[in-house]
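Working notes, beginning with the structure itself.
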There are 2 protein chains.
Amino acid sequence: MAKSDELESLINQGRKHGVRKRAILLAAARLFVERGYVDTGIDDIGAAAGISGPAVYRHFPGKQAILLALVELSVERLREGTQAILADRERDPRESLSALVDWFARSSVENPDLNLILQGELLGLPVGDQRRLTRQIRQVREEWVGLLLEARPELSDLAARIAVTSVMGMVTPVLAARLSGDVRTLSVHLKAQMLAVLHVRIEEG
Amino acid sequence: MAKSDELESLINQGRKHGVRKRAILLAAARLFVERGYVDTGIDDIGAAAGISGPAVYRHFPGKQAILLALVELSVERLREGTQAILADRERDPRESLSALVDWFARSSVENPDLNLILQGELLGLPVGDQRRLTRQIRQVREEWVGLLLEARPELSDLAARIAVTSVMGMVTPVLAARLSGDVRTLSVHLKAQMLAVLHVRIEEG
DNA sequence: CAGCAATGTGAACCCGGGTTAACCTATTCT
DNA sequence: AGAATAGGTTAACCCGGGTTCACATTGCTG
């Protein structure tokens, strides 16, 4: 219930969706995560949203559009969250980095569906959207990289990119594994691990 | 070329594949990684393997069977590599852990295709195989967890599982990002990061 | 040489699931 | 009220791509 509420609030956030539309997005998100995009039929989505079959087309132009909406929501959240923390130019880089990681771990764990869809189902989209969204994600990554380089100027660009990529990606497998831990424990551990990766010192060999 | 050779040697390893069969596996692996399983047609696979279309069915019972063969190859490699290192009961847990991480990082980076397919395209398989393979992977994970718990008895089972899951999953996003670094640099950095995660100390909050 | 197994090919098949069509019921607006 | 609009329903469509068919060709083997 907590998960759904969380996702629901996120979907509601952008006010441009009607109530049925939101129900569809909610249902689709759950199904996409459970069975995957390809194995989820339009009829399934409709059924899970209380209507049946082609009625979905009154709200979305097609199946891909639903996936696209979810992925864009996810990317949007990522961008906004990052921006919000980077905008606070009071903190020093170290603090910002910690805040960023904290926010990322928490929001991902509290709302795993969007994260999992974003990671796993980009392939379901037309290549054009795929590229656009990938570019946006890379852009966010570069902001993290920039921040990390401020905090640790001794790192090479490549080293920073590897670290950030790992960090942004290490949450997903944990979510996918559905370990038994509660939200709090999971995010605490993840945060600590992410910071460890960002602060690790490499001895060249 | 290095990548293909590497994968080729892996495929050749199990001697049960004929030359054409191997060519098909090789071609399919590349295509699956590039475009994804669903967007790769049987005709594409055939063409990439030098034959065209339905000739593939002389070697495999169907498209899924190709994917299955690749995924099983990948799981097999994972199990064997893990076993090989765990079998050496001379080393202390710390050393074994380090060796495990080293092997995993290196082999994943040197041969990204199998890793990426394993992570991304499990959904293409029938649920039965999906479950079986997931179970096998979880089993390997539990061996890592056991080793980690030997090395750090103060950890809870959950904490160890979170750490191991992160560690095993953090390689994939780096591979998928296709960062500019060479094989050596990538695996060195990844190894250091993985060890950092395994050795991080959690302060309870 | 006859025969048969192995391997290819292009054409045909076919079917699941996304989409569209045709039609029905509210509710709202003039 | 009458019309337009929003939102649903079931039945039909249809098409892409995995699979199957019918038919070469080659190479062994008896």
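If you're wondering where the values come from, they're calculated on a predicted model, not measured in any experiment. So you know, we letter chains A, B, ... as the sequences are listed, proteins then strands, and number each from 1.
- Of the N and O atoms on the side chains of A:Thr172 and A:Asn115, at least one donor lies less than 3.5 Å from an acceptor on the other residue.
- Distance CD1/B:Ile85 to CG/B:Leu100: 5.0 Å, rounded to 0.5 Å.
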Strictly under 3.5 Å: I want the nitrogen or oxygen pairs between protein and nucleotides 15-18 of chain D, one per line.
{"residue": "D:dG18", "atom": "OP1", "partner": "B:Lys63", "partner atom": "NZ", "Å": "3.0"}
{"residue": "D:dG18", "atom": "OP2", "partner": "B:Ile42", "partner atom": "N", "Å": "2.9"}

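- For B:Arg152, the salt bridge (Lys or Arg N to Asp or Glu O under 4.0 Å) partners are B:Glu154, not counting sequence neighbours.
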Under 3.5 Å between N/O atoms: give me all the protein pairs with nucleotides 7-11 of chain C, atom names plus distance.
{"residue": "C:dG8", "atom": "OP1", "partner": "B:Arg20", "partner atom": "NH1", "Å": "2.1"}
{"residue": "C:dG8", "atom": "OP2", "partner": "B:His59", "partner atom": "NE2", "Å": "2.6"}
{"residue": "C:dG8", "atom": "N7", "partner": "B:Arg58", "partner atom": "NE", "Å": "3.2"}
{"residue": "C:dG8", "atom": "O6", "partner": "B:Arg58", "partner atom": "NH2", "Å": "2.4"}
{"residue": "C:dT9", "atom": "OP2", "partner": "B:Ser52", "partner atom": "N", "Å": "2.8"}
{"residue": "C:dT9", "atom": "OP2", "partner": "B:Ser52", "partner atom": "O", "Å": "3.1"}

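- A donor-acceptor contact closer than 3.5 angstrom is absent between the side chains of A:Thr82 and A:Glu143.
- Under the salt bridge (Lys or Arg N to Asp or Glu O under 4.0 Å) criterion, A:Glu121 pairs with no residue at all, not counting sequence neighbours.
- Within the structure, the side-chain hydrogen bond (donor to acceptor under 3.5 Å, both in side chains) test picks out the following pairs touching residues 36-59 of chain B (sequence neighbours left out): B:Arg35-B:Asp44.
- Residues satisfying the salt bridge (Lys or Arg N to Asp or Glu O under 4.0 Å) test with A:Glu142, not counting sequence neighbours, are A:Arg161.
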